[in-house]
Structure formats: C-alpha cells, structure tokens
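Report on one structure; see the data block that follows.
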Amino acid sequence: MEPAPKSESELLERARTLSGLTFFEAAARLALTVPADLLHHKGWTGQMVEQLLGATAASRDVPDFEDLGIELKTLPVDANGRPVESTFVCTVPLDEIAESEWSHSRVRRKLGRVLWIPVQGERRIPMAERRIGEPMMWSPSSDQEATLRFDWDTLAGIIGRGDIESITGHLGVALQVRPKARNASARRWGRDEDGVRVERMPRGFYLRSSFTHAIVRTHYGLEPI
DNA sequence: CCGTGATCATTC
DNA sequence: GAATGATCACGG
C-alpha cells in the first residue's frame, strides 16, 4: 500500500506514472495476481488502482482521498475511448432522500471532484494485457452539473414520493437509478407513498456511458489509451 | 449488514 | 450491439 498523496498535483503525477502499464505490470508492483476474468472479481481493477495510488476510504461513505476530497474511478473503455460500462456513483439513500436536496446529495458530493483512470475494458483483451490510460482530473462543468441536477431532482422526487418501484433504467439523461444489491431478493428499508417504512430492493445511482464518454472526449479529443 | 469496487447476463 | 436489470467480492 502506497502512502496517501499530499496534494492533488501529487496524486495526478502518481496516476500519470501508471499510464501505459499493463494490468500485469501494475499488479506486480503490489505482488498481486491478475485474475483471468472479472466474473468473480468485478471490482478488481478499481481496487488495484486504489492501492497503487494510496486511496484511504476503504469502502466508507467518504471520498477515496479523504483529505483531498477526491473520488477515484476507473473507467473501462474500448479502442475508441467509449466507456463499455455505466459508472456506479453511490447507493440511493432510500430512507432519507425525501428530505435531502441536490446541493447536499451523495451524488453531488461524490462527483464534485473525480480522478478518472481510463483502462482498457474490452473483454476480448486478456486481463493481464489490458493497459491503464492517462488520468483525467475532472469536476462537472456548469452544463454537466445542471444536467445531473435535473436528473437527480427528477429521480429523488419520485423516490421521495415513495414511488421508486416505478423507476426503471430508462429514466434520466445522464444519471439513472438501477438495482445495486447482492441479488434480486435483497431488501432495504425505504418509505412508501404514505411515509410508512417498507422493504425495497436496494438501488444505486449510475452515470450513463454517454455522459462519461463526453468527459473523455473533452479531455482528449479522442483515444485515451 | 451495508456501502464501495464494479461487471455480468439477459432483454430490447 | 447497446442498455437495463441482476449479480459478485470485500472491508468495516
């Protein structure tokens, strides 16, 4: 485990030293073995990069680099720099979202400052041969924040009314709500339309790949790797 | 048990 | 093929 970086520039410099490395080379620095595939190791890449960069959060609800207020996200992309997956942001606080507002929301806190690390994400590339790309330090532009806020207001409004069961992944321009659970029978406490506590399937906020693709394009123009 | 790290797998 | 719904592992 690396020591935590002391500044944003130090973090960014350290991230730049990773770009170009294969997963095999990066994992070797930590004496890790690269899994053959991600079926039983879905968070492996993100956790490896956390360790390489000295992230401190350890799956608590705080920024990965707590002292710097920076979130770390690996972003699997194809050869054209298009994200091959949506990006998980945070869980939906089912029990309290009715009383919260955008400015204090978990989503805004998470996305205020993000260090994106593109990585090759195509399944046809063997895990050990995939490469890490150039890091992108990002904060939402005013347009991006307005988009996120609009989606959040829409989704939080529906959830706050107790109508989360009506939400599907189709809703939202940039931000969507989808299941986020151990399996389809998992339950959390939420509230129905009358404010009565009821059990719900756990959900998470996700960024659509169209949104993260725009981040990549703004940073590089084109190919990030 | 829950939130974080995500990707898998089925559907459209 | 892309997008939605379902799922897997780990740390605290």
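Computed from a predicted model, the values in this text were never measured in an experiment. Labels below follow one simple rule: chain letters A, B, ... track the order of the sequence lines, proteins then strands, and each chain is numbered from 1.
Taking E122(A) as the reference, R124(A) meet the side-chain hydrogen bond (donor to acceptor under 3.5 Å, both in side chains) condition, with sequence neighbours excluded. Applying the side-chain hydrogen bond (donor to acceptor under 3.5 Å, both in side chains) test to T91(A) and every residue at least two apart in sequence or in another chain returns R106(A). Qualifying side-chain hydrogen bond (donor to acceptor under 3.5 Å, both in side chains) partners for R14(A), counting only residues two or more places apart in sequence or in other chains: E10(A).
No engagement by P202(A) is indicated, since no non-hydrogen atom pair under 4.0 Å with the nucleic acid exists. If you check every strand for non-hydrogen atoms under 4.0 Å, G46(A) touches sugar and phosphate atoms only.
Contact check of residues 206-214 of chain A against DNA chain B (heavy atom, cut-off under 4.0 Å) returns Y206(A). Near-neighbour residues of DNA chain C inside residues 150-161 of chain A, defined by a heavy atom below 4.0 Å, are absent. Residues from residues 84-103 of chain A lying near DNA chain C, meaning a heavy-atom separation below 4.0 Å, are absent. Of the residues in residues 64-72 of chain A, none has a non-hydrogen atom less than 4.0 angstrom from any atom of DNA chain C.
The CG atom of L207(A) lies 9.5 Å from the CG atom of L75(A); values are rounded to the nearest 0.5 Å.
Nearest-nucleotide positions on DNA chain C for H40(A) and R60(A) put H40(A) closer to the 5' end. Between H170(A) and Q47(A), the one whose closest nucleotide on DNA chain C sits nearer the 5' end is H170(A). Taking the nucleotide of DNA chain B with the nearest heavy atom to each of R106(A) and L75(A), the more 5' of the two is matched to R106(A).
Each of R131(A), E25(A), E134(A), R29(A) was compared with L18(A) under the side-chain contact (heavy atoms from CB on, under 4.5 Å) criterion, and only R29(A) meets it.
When the side chains of ILVMFWY residues are joined at heavy-atom separations under 4.5 Å, either directly or via intervening members, M201(A) and F205(A) end up in two distinct hydrophobic clusters. No continuous path of hydrophobic side-chain contacts links L72(A) to V62(A) [ILVMFWY only; heavy atoms under 4.5 Å].
Under the 4.5 Å side-chain criterion, counting only non-hydrogen atoms from C-beta, P5(A) is not in contact with L53(A). The shortest side-chain heavy-atom distance between E71(A) and V114(A) falls under the 4.5 Å cut-off. In this structure, H40(A) and P35(A) have side chains that are not in contact, with every pair of non-hydrogen atoms separated by 4.5 Å or more.
Among pairs with a residue in residues 67-97 of chain A, those fulfilling ring pair (Phe, Tyr, Trp, His ring centres under 6.0 Å) read F88(A)-Y206(A), at least two apart in sequence or across chains. Evaluation of the salt bridge (Lys or Arg N to Asp or Glu O under 4.0 Å) test over residues 136-147 of chain A, restricted to residues two or more places apart or in two chains, returns R108(A)-E145(A). For residues 47-73 of chain A, there are no ring pair (Phe, Tyr, Trp, His ring centres under 6.0 Å) pairs, not counting sequence neighbours.
Note on ring orientation: taking the six-membered ring where Trp is involved, the planes of W138(A) and F211(A) are perpendicular (angle over 60°, cut-offs 30° and 60°).
For the residue pair T45(A) and R130(A), no side-chain donor N or O sits within less than 3.5 Å of a side-chain acceptor on the partner.
A donor-acceptor pair is defined here as one N or O able to donate and one able to accept, closer than 3.5 Å; such a pair exists between the side chain of D151(A) and the backbone of A174(A).
On the nucleic acid side, DNA chain C contacts chain A at distances under 4.0 Å to non-hydrogen atoms, with the end points of that region at dA3(C) to dG12(C). A 4.0 Å heavy-atom criterion places the boundary nucleotides of DNA chain B facing chain A at dC2(B) to dA9(B), written 5' to 3'.
The local environment of CG in D37(A) is crowded, with over 12 non-hydrogen atoms from other residues, nucleotides or ligands closer than 6.0 Å.
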